[in-house]
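Have a look at the structure below before the remarks.
Quick caveat, the model's predicted, so the values are computed rather than measured. Throughout, a chain's letter reflects where its sequence line sits, starting with A, and its residues are numbered from 1.
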Amino acid sequence: MRRTHHCGVLRLEHVGSRVCLCGWVHSRRDHGGVIFLDLRDRTGLAQVVCDPGKGGPEAHAAADQVRAEYVLRVEGRVVERAPGMANPKIPTGDIEVIAECVEVLNRSEHPPFEIDGEQINPEARLRYRYIDLRRPAMQRNLQIRHDAAQAARKYLCEQGFLEVETPLLLKATPEGARDFVVPCRAIPGTFYVLPQSPQLMKQTLMASGCDRYFQLAKCLRDEDLRADRQYEHTQIDLEMSFVEQDELQETIEGLMRAVFASAGIDLAPSFPKLSYEEAMRRYGSDKPDTRFGVELTDLSDVLADVDFRVFKEALAAGGQVKGICVPAKGQLSRKNIDDLTSFARDFGAKGLAWIVVEEDGLRSSILKFIPEDVQQAMNERMGGQPGDVLLFVADQPKVVAEVLGRLRVKLGHELGLIPDGLHHMLWVTDFPLFEPDAESPTGIQPMHHPFSMPRPDCLQYLDTEPLKVYAQLYDLVYNGAEFGSGSIRIHDPDLQMQVLNLIGIGHSEAYKRFGFLLEVFSHGAPPHGGIGLGFDRIVSVLCGQEASEADIREVIAFPKTSTGRDLMLGCPSPLPQEQLDQLSLLSVAPVAAASSASAQVDWEVVSRTWSLQARSFQGDHRFAERDVAMLCDLVNRFKSRVNALAADSSTDWMTVTAELQRMDEEVTRAADPLCRQLLRSFGPDAD
RNA sequence: GGAGCCGUAGUUCAGCCAGGUUCAGAACGCUGGCCUGUCAAGCCAGAGGUCGCGGGUUCGAAUCCCGUCGGCUCCGCCA
């Protein structure tokens with residue numbers, strides 16, 4: 001009998017029908033005479049009753065052998081539960097299935113963790129991701145992601161966008177993040193890189209007359225991972241021809257409304273706009289969380305004549321003094337403030353000045369440096385009420401904004417100043433095109449990327465005062481997190497060249513890196529603009545995560561660990577020599593390192609190479625743990641020995657080389673069974 | 001590249017600060033037995049650990065020190 005229903009859909013209306021369910025054994029309750037099974041699939045749970053008196057002895061006998069996570073096909077009748085027997089905790093709780101036939105489709109080892117466990121080791125979850133994904137919470141996240149993707153597709157199709165796939169194998173353009181590199185077998189010594197984003201391809205598509213393009217694009221960056229950053233992430237990437245900023249923003253607002261609606265969240269009919277300068281001035285951040293106040297207050301003018309060294313020196317050096325008024329309700333202790341001070345120092349502040357507002361006046365160690373009338377003026381401007389704590393940073397504007405902006409958000413979360421259930425989506429606009437950069441040959445670099453169109457009223461400053469030039473560039477910000485960044489692009493080859501020159505990329509260099517783009521522009525590229533939206537972050541919010549604490553691993557089916565490993569697949573992993581040969585790649589082998597060490601022993605290289613070799617096998621379940629452990633032990637021991645040798649200046653290099661050679665041979669020997677296993681795992685063709 | 005936290009039965013954790021007879025424990029899970037209305041089933045019995053790994057200190061190390069591996073978080077980095 002073919003499956004007739006999913007488990008989670010059965011209701012009273014199905015009572016009396018004969019059904020066939022397939023799924024996993026979520027739990028089993030054996031009463032001896034009768035066995036209850038909770039059968040689980042993507043849609044939910046259904047209780048299966050194996051009662052020899054009702055459904056027959058065969059079903060009961062089969063259920064007797066069944067264990068957690070076994071895969072079953074169950075045939076039986078849907079019945080209404082007897083009065084008082086209903087389970088209000090599950091949607092199918094009014095009915096149950098009297099099993100007449102229980103077929104074991106597959107057995108299962110004992111699960112490494114409980115499917116309905118609350119606290120599960122994140123390592124185990126990644127190692128056994130296929131089991132982790134069976135958990136209802138993860139199934140729900142996958143569903144929400146699917147719904148969001150479909151909503152985005154539907155909306156964009158309705159708006160006349162064309163979904164186009166762009167290549168994964170691209171040319172390296174040394175901009176932005178570190179590339180993931182793919183060696184080219186056919187032309188030895190050459191490489192492709194994987195896209196950091198389809199930026200150049202989508203601009204090219206505009207020149208191709210696509211008019212409106214979108215793609216749910218995988219983007220890859222070889223930079224260190226974070227809770228909200230994986231090596232690969234997905235962007236809703238789109239680009240439009242013949243548009244200006246406002247039309248583009250309206251389109252994206254519609255997109256976000258459609259996507260959020262797919263998760264039952266209503267967004268505002270239009271999103272507020274905040275200039276970059278205003279965001280930095282009021283919130284100290286280019287991605288302000290506007291769900292709560294505690295805005296930055298400038299006190300530079302009030303304090304201009306105050307003889308307090310900390311403030312005076314900062315102002316004299318062209319800096320500013322700003323503060324925030326924290327409604328702490330007396331909950332910030334002296335120790336809390338000390339902790340905030342060290343937090344402030346971590347982000348570049350020299351210190352953190354504070355004033356506690358109490359019923360009978362102000363309290364602080366800095367008050368003795370500040371005249372009474374100035375104290376009054378400060379408190380008045382900041383609106384301090386008894387119980388509040390005023391925090392001040394005096395420094396260059398950049399540091400002041402950074403530190404107070406971070407303090408504001410940190411305290412907003414810790415003191416519960418942020419109301420639940422708010423969805424503040426807003427645009428941050430009018431970014432400067434460039435920012436100062438000491439490492440750039442021209443002293444400036446693009447704030448975002450060098451393809452953004454300057455605002456027309458700023459073009460006149462491009463050559464003379466480039467830092468005064470604003471870009472037609474806008475970030476989409478949600479509850480204090482950046483969702484995406486877009487711009488109207490440059491489509492004029494001369495202007496593009498001019499901008500590249502300004503950031504220190506000369507004519508020939510520009511042609512080398514971006515020649516094809518300049519060529520595209522010179523063959524009739526339309527005015528265009530677009531945006532790339534971080535889909536994983538959006539989905540994590542739709543799943544109920546706080547935007548600034550997003551853990552996108554929860555919404556990615558198969559994520560990597562924070563060191564970029566896949567614990568399920570056991571990668572990255574070494575390649576067999578044959579494959580390296582085909583790709584014309586040389587691998588640093590321990591032997592090579594040791595033999596080149598005849599005159600000068602490079603301790604580090606030798607022991608690091610051993611470590612690399614040992615590490616590459618660790619956590620990979622294809623290899624016998626005992627062999628891996630042996631190899632690691634050996635390497636650890638030898639590394640200790642190498643360190644001892646290196647520290648001992650009396651050892652002569654002949655002895656050392658001999659000993660290194662001996663140790664290296666032993667490591668190679670210990671690694672041998674693992675290498676053989678590796679070759680086998682690549683299949684019969686591998687050797 | 002830097003900083004911090006964590007690693008003890010299958011799982012979640014206690015024990016560590018102050019080394020030694022509560023030192024290898026609890027709960028859940030698991031195995032076996034009993035049990036026909038549970039849905040956190042119940043009752044009885046049982047199995048299960050290289051205290052991540054290596055080295056050091058010590059008469060003695062889960063406990064202290066060093067190193068190392070792995071996981072997590074943050075800074076740098078990532079438009």
Side-chain angles (χ1 to χ4, degrees), chain A residues 26-38 45-54 60 67-68 81-90 92-93 96 109-128 175-178 196-197 199 219-231 233 286 343 346-348 406 431 435 445-452 471 473 475 482 484-487 532 549 551 553 560-563 565 567 607 610-611 614-615 617-619 625-626 628-641 643-644:
Chain A
H26 190 70
S27 75
R28 171 179 178 273
R29 295 175 294 280
D30 185 351
H31 286 241
V34 61
I35 297 172
F36 297 97
L37 300 175
D38 287 342
L45 294 176
Q47 172 161 283
V48 173
V49 183
C50 303
D51 185 332
K54 293 180 187 166
H60 181 267
R67 293 295 179 268
R81 295 208 197 178
M85 300 300 172
N87 182 0
K89 291 180 195 165
I90 56 174
T92 60
E96 60 193 3
E109 309 261 342
H110 305 308
F113 48 82
E114 290 165 56
I115 302 295
D116 51 3
E118 281 175 16
Q119 280 184 311
I120 309 173
N121 183 346
E123 205 172 336
R125 291 181 58 195
L126 293 176
R127 168 71 180 80
Y128 301 97
E175 283 290 310
R178 204 175 292 125
Q196 296 178 25
S197 82
Q199 180 67 31
C219 304
L220 299 103
R221 292 170 192 175
D222 186 5
E223 298 290 348
D224 289 354
L225 294 77
R226 285 288 201 299
D228 64 343
R229 249 166 42 197
Q230 285 271 307
Y231 278 150
H233 73 284
D286 62 357
F343 178 83
D346 288 345
F347 291 98
R406 286 195 187 251
F431 281 83
E435 62 184 356
Q445 64 164 2
M447 199 148 182
H448 281 73
H449 60 56
F451 311 115
S452 300
L473 204 155
D475 279 6
E482 185 192 314
S485 182
S487 63
E549 294 161 2
D551 184 351
R553 283 167 299 205
K560 307 272 188 285
T561 69
S562 64
T563 49
R565 286 157 45 97
L567 298 180
S607 62
W610 289 340
S611 288
R615 207 177 307 164
F617 295 112
Q618 269 186 337
E625 273 182 47
R626 197 171 32 100
V628 178
M630 254 175 58
L631 178 64
C632 293
D633 287 358
L634 205 62
V635 166
N636 283 338
R637 227 176 16 249
F638 285 178
K639 283 179 77 173
S640 301
R641 177 68 186 144
N643 287 336

ask   = Could one point to a donor on the side chain of A/Asn121 or the base of B/rG7 with an acceptor on the other under 3.5 Å away?
value = no

message = Say we look at B/rG10 and B/rG48: how far apart would their P atoms be, to the nearest angstrom?
response = 11 Å

query = B/rC65 and B/rG70: how far apart are their P atoms, nearest whole angstrom?
reply = 22 Å

task = Take A/Ile120 and A/Leu126, find for each the nucleotide of RNA chain B with the closest heavy atom, and name the residue whose nucleotide sits nearer the 5' end.
result = A/Ile120

Verdict with reasoning, A/Asp30 to A/Arg28, per salt bridge (charged side-chain N to carboxylate O under 4.0 Å, His left out) = CA-CA 6 Å; A/Asp30 185 351; A/Arg28 171 179 178 273; 3.4 Å; yes

request  = Could you tell me whether the side chain of A/Arg81 has a donor or acceptor atom within less than 3.5 Å of a complementary atom in the base of B/rC39?
outcome  = yes

ask   = Would you say the side chain of A/Glu114 and the base of B/rU12 hold a donor-acceptor pair, judged only by whether the two atoms sit under 3.5 Å apart?
value = no

query = Does some side-chain heavy atom of A/Tyr128 sit less than 4.5 Å from a side-chain heavy atom of A/Leu567?
reply = no

inquiry  = Using side-chain heavy atoms (C-beta onward) and a distance below 4.5 Å, is A/Val34 in contact with A/Lys54?
reply    = no

ask   = Quick one: the side chain of A/Glu223 and the base of B/rG76, do they pair up donor-acceptor inside 3.5 Å?
value = no

ask   = Expressed as a whole number of Å, how far does the C1' atom of B/rG25 sit from that of B/rG32?
value = 24 Å

key: N/O (side chain, A/Ser562) to phosphate O (OP1/OP2, B/rG71) under 4.0 Å   = no

inquiry  = Taking the nucleotide of RNA chain B with the nearest heavy atom to each, does A/Gly53 or A/Ala68 sit closer to the 5' end?
reply    = A/Ala68

message = I'd like the C1' distance from B/rC30 over to B/rA9, given in whole Å.
response = 11 Å

ask   = Passes salt bridge (charged side-chain N to carboxylate O under 4.0 Å, His left out), A/Arg553 versus A/Asp551? Steps please.
value = CA-CA 5 Å; A/Arg553 283 167 299 205; A/Asp551 184 351; 3.0 Å; yes

request  = Using the P atom as the reference point in each nucleotide, state the distance between B/rC75 and B/rC13 in Å, no decimals.
outcome  = 25 Å

ask   = Do A/Phe36 and A/Val49 touch side chain to side chain, with heavy atoms closer than 4.5 Å?
value = yes

key: Side chains of A/Arg29 and A/Gln47, donor plus acceptor under 3.5 Å   = yes

note = Winner on side-chain proximity to A/Ala227, out of B/rU73, B/rC39, B/rU11, is B/rU73

Between the protein and nucleotides 44-49 of chain B, which nitrogen or oxygen pairs are less than 3.5 angstrom apart?
none

inquiry  = On a heavy-atom basis, which atom in A/Ala177 and which in A/Arg221 lie closest, and how many Å separate them?
reply    = CB-CG, 3.8 Å

message = Measuring only the C1' atom in each nucleotide, how far is B/rU8 from B/rU73? A whole number of Å is fine.
response = 23 Å

message = Can you check the distance between B/rG42 and B/rG60, where both ends of the measurement are the C1' atom (answer in whole Å)?
response = 46 Å

task = Using a cut-off of strictly less than 4.0 Å, decide whether A/Lys89 has a side-chain nitrogen or oxygen near OP1 or OP2 of B/rA40.
result = yes

inquiry  = Is it the case that B/rG29 (base atoms only) and A/Arg67 (side chain only) share a donor and an acceptor within less than 3.5 Å, ignoring hydrogens and angles?
reply    = no

query = In whole Å, what separates the P atom of B/rA62 from that of B/rC17?
reply = 12 Å

query = How close or far is atom P of B/rG4 from atom CG of A/Asp346, stated in whole angstroms?
reply = 12 Å

request  = Return the value, rounded to whole Å, for the distance between atom CD of A/Gln47 and atom P of B/rA41.
outcome  = 11 Å

Near-parallel close stack of A/Phe36 and B/rU38 base (under 5.5 Å, under 30°) = yes

message = Can you give me the closest heavy-atom contact between A/Phe113 and A/Ile120, atom names plus distance?
response = CG-CG2, 3.6 Å

request  = Would you please determine if the base of B/rG37 is stacked by A/His31, with stacking meaning a centroid separation under 5.5 angstrom and planes under 30 degrees?
outcome  = no

task = Could you state the atom-to-atom distance from CG of A/Asp286 to P of B/rA79 in whole Å?
result = 14 Å

task = Would you kindly check whether a donor in the side chain of A/Arg221 faces an acceptor in the base of B/rC77, or vice versa, at under 3.5 angstrom?
result = no

message = Checking contacts here: which listed nucleotide (B/rC39, B/rG71, B/rA79) is nearest the side-chain heavy atoms of A/Glu123?
response = B/rG71

